[in-house]
Chemist: 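Mind looking over this structure? Questions follow.
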Amino acid sequence: MNIPMLLQHSHQHFLKGLLRTPFRRYHFIFHSSTHLGSGIPCARPFNSLGLHCTKWMLLSNGLKRKLCVQTTLKEHSEELSDKEQRFVDKIYSGLIQGHRACLAEAITLVESTHKRKKELAQVLLQKVLVYHREQEQINKGKPLAFRVGLSGPPGAGKSTFIEYFGKMLTERGHKLSVLAVDPSSCTSGGSLLGDKTRMIELSRDMNAYIRPSPTSGTLGGVTRTTNEAILLCEGGGYDIILVETVGVGQAEFAVADMVDMLVLLLPPAGGDELQGIKRGIIEVADLVAVTKSDGDLIVPARKMQAEYVSALKLLRKRSQVWRPKVVRISARSGEGITEMWDKMKEFRDLMLASGELTAKRQRQLKVWMWNLIQEGVLEHFRTHPTIQEQIPVLEKKVLSGALSPGLAADVLLKTFKSRD
Ligand SMILES: Nc1nc2c(ncn2[C@@H]2O[C@H](COP(=O)(O)OP(=O)(O)OP(=O)(O)O)[C@@H](O)[C@H]2O)c(=O)[nH]1
C-alpha cells in the first residue's frame, strides 16, 4: 500500500482531524507492512491536502517513514467550496502550463481587495510556492528566475530600454515578464509604468508578459502584490522578471527588497534631470547604466560614466563578490546592451555561487513578512472602533498643545492593548 492509499483509507481522516487543530507542524510515523516507495512522489498527496512535507526519512527496513509535515494552507483550503477549489485548481494548472490568461487572472486575484478573493489568492500562492520548491529541487537549488529591478528618473529612457532589451532576451530564448511598481498610480488612478503603449513591440511578443502597476492601494499594498506577482510569473515559466519603478520617492527602495539585482538607468545629464533621484538609491544599485549614449550625447555620457565610477568607489562594500559597475548604453543604436546583459549574468552567477543570492532572498522574505505584519497591525489598529472614536479627539488635543504627541500615542496604544 502506498502513501496515497494510506491517506485515503486510514490516515486521511486522521490527518484531516489534525488539520483542524491549531498546531502548525506535525511529526508522523507511518507504519506499513509493505514498502512505501520513494520519497519525492509522496509529497504530492500531501500537497493536494494542503500539506507540505518538509522532511522525510526512510528507515533502514524501508517500512517506517518519519515525516515532518507543515500545514499552512489548511485554514483556507479546508473551507473552500467545491466551486472555489475548482476555480483555484483551474488557475493553478493553467498557470504552470504557461497560459497567459491564467497568469493574468492569478495576478488579478492577488491584487483583489475583496476579503474572500484575498483568501483564495493565498491558497493559490501556497500551491505555487510548493511548485517552486519542487522545481528548485529538480534544478539543484538554482532559482527559477532572475529578478531584476529597474529604476530611473522620468525620461531616463526606461521604456525604450525595456523594449530593446526585452526583445533581445526573448530572441535568445528567454521568457520575460515586466512588472511595475508605480505608487503614483494609486493617487492618479492610472498607471504610467508597465503601460503597453510604451513598449508596443514587446507587448506583442508571446514570450513577454507586461503587467502595469495596480491602480489602487498604498505603496505597501502595491509592493505586496508585486512580490506575489513575481512568484506567479515564475510559476508561469518566466525566467527573467523585470520590476520597473520611477526613481523618485520610496518605491525604488521597496523594489530593492524584492529583486536579486537593482539596475539604475540615468540619462547623460546631471543637474535638474537628476534632482528627482534620491542619493540613497545609488548606494543600493548593483549596476548603473548611463542611457542615450549615442550621437551628441556620447561625450556627456562618457563624462557621467567616469563621475559615477569614481563616486561608486567611495561607497561601502555591500558584497564580497561584486562591486557596482557603470556601463553606457543606447537603446537607439543598441550599443552596450549586450555587454550590460553579460555583466548582469556575471553578477547573478557570482552571487549564486557564493551563496549571497540565497542569503539575500532569505533576507527579503523576512522583510516581506515583517512589512505585511506592520501593515496588518496598523490596519487593525486604525480600524478598531474605540481607537477610531478616540483618534480625532486626541489629535485635536495634540494640535492645541493640550497633550504631547507621545502621551496621546500612549493613550491610544493602551486602549488598543486593553481592548479585550
Ligand atoms: N538619443 C536617445 N534617446 C533616447 C534613448 N532612449 C530613449 N530616448 C528618448 O528619451 C525620451 C524618454 O524615453 P522613455 O523611454 O520614454 O523614458 P522613460 O524613462 O520610460 O520615461 P517615463 O515614461 O517618463 O518614465 C524619449 O523621447 C526617447 O525617444 C536612446 O537610447 N538614445
Side-chain angles (χ1 to χ4, degrees), residues 148-170 176-205 208-215 219 222 226 241-256 259 261-278 281-282 285 287-305 308 326-341 343-344:
V148 179
L150 202 73
S151 186
K158 293 182 293 301
S159 47
T160 318
F161 167 76
I162 295 175
E163 175 99 327
Y164 187 98
F165 183 62
K167 279 192 303 182
M168 184 188 94
L169 293 177
T170 58
L176 167 82
S177 163
V178 181
L179 304 170
V181 175
D182 181 6
S184 66
S185 66
C186 304
T187 42
S188 69
S191 178
L192 185 66
L193 294 185
D195 182 349
K196 291 180 186 172
T197 57
R198 291 160 75 240
M199 306 161 204
I200 293 168
E201 281 192 48
L202 195 61
S203 63
R204 292 197 199 114
D205 190 328
Y209 177 78
I210 302 177
R211 179 83 182 191
S213 184
T215 52
L219 174 60
V222 173
T226 309
I241 317 285
L242 278 187
V243 186
E244 183 195 9
T245 184
V246 183
V248 284
Q250 287 301 311
E252 70 270 47
F253 292 100
V255 168
V259 293
M261 176 176 210
L262 189 74
V263 177
L264 187 61
L265 297 190
L266 296 177
D272 292 349
E273 276 99 333
L274 296 186
Q275 286 290 311
I277 272 281
K278 290 222 162 165
I281 193 63
I282 292 162
L287 186 72
V288 175
V290 182
T291 55
K292 309 185 193 180
S293 179
D294 49 49
D296 294 346
L297 292 170
I298 290 188
V299 176
R302 280 212 185 105
K303 188 166 165 268
M304 185 141 156
Q305 183 183 25
Y308 273 88
V326 188
V327 293
R328 261 184 312 115
I329 55 165
S330 164
R332 276 213 183 137
S333 68
E335 205 199 304
I337 297 190
T338 307
E339 293 76 6
M340 176 177 174
W341 175 232
K343 291 235 165 2
M344 290 165 74

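The structure presented is a predicted model; accordingly, all values stated were derived computationally and were not measured. We count ligands from 1, going down the list as the structure has it; atoms in each ligand are counted the same way.
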Chemist: Which residue from Pro267, Gly155, Ala156, Ser159 reaches closest to atom 14 (P) of ligand 1 through any of its heavy atoms?
Modeler: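 Selected option, by shortest heavy-atom distance: Ser159.
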Chemist: Counting only nitrogen or oxygen atoms and a 3.5 angstrom limit, does Ala331 reach ligand 1?
Modeler: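 Yes, Ala331 has an N/O under 3.5 Å of an N/O on ligand 1.
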Chemist: Should you measure from each heavy atom of Ser330, which atoms of ligand 1 turn up under 4.0 Å away?
Modeler: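 Contacts of ligand 1 toward Ser330, numbered from 1: 31 (O).
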Chemist: How close do Leu202 and Lys167 get, counting heavy atoms only, and between which atoms?
Modeler: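 Leu202 and Lys167 have their closest heavy atoms at CD1-N, 3.7 Å.
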Chemist: Can you check whether Glu335's main-chain N or O pairs, donor with acceptor, with Ser330's side chain at less than 3.5 Å?
Modeler: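 No.
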Chemist: Going by heavy-atom distance to atom 30 (C) of ligand 1, choose the closest among Thr291, Asp294, Leu150.
Modeler: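 Among Thr291, Asp294, Leu150, the closest heavy atom to atom 30 (C) of ligand 1 comes from Asp294.
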Chemist: Could you work out, for atom 11 (C) of ligand 1, the closest of Lys292, Lys158, Glu163 by heavy-atom distance?
Modeler: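 Of the listed residues, Lys292 has the closest heavy atom.
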Chemist: Counting only N and O atoms by type, is there a donor-acceptor contact under 3.5 Å from the side chain of Glu163 to the main-chain atoms of Glu201?
Modeler: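 Yes, the answer is positive, given that a donor and an acceptor are paired below the 3.5 Å cut-off.
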Chemist: Would you kindly specify which portion of Thr160 sits under 4.0 Å from ligand 1, judged on non-hydrogen atoms: side chain, backbone, both or neither?
Modeler: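 Both of them.
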Chemist: So, Lys158 side chain and Pro153 main chain: donor-acceptor pair closer than 3.5 Å or not?
Modeler: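 Flag set: sc Lys158 to bb Pro153 pair under 3.5 Å.
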Chemist: Where do Gly155 and Lys292 come nearest, in terms of heavy atoms and distance?
Modeler: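 Heavy-atom minimum between the residues: O-NZ, 2.7 Å.
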Chemist: Any heavy-atom pair between the side chains of Leu242 and Val263 that's under 4.5 Å?
Modeler: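 Heavy-atom side-chain distance check fails, nothing below 4.5 Å.
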Chemist: Is there any N or O on Phe161 that sits under 3.5 Å from an N or O of ligand 1?
Modeler: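 It does not: no N or O of Phe161 is found under 3.5 Å from an N or O of ligand 1.
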Chemist: Under 3.5 Å between some N or O of ligand 1 and some N or O of Arg332?
Modeler: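 For ligand 1, there is an N or O atom that lies under 3.5 Å from one belonging to Arg332.
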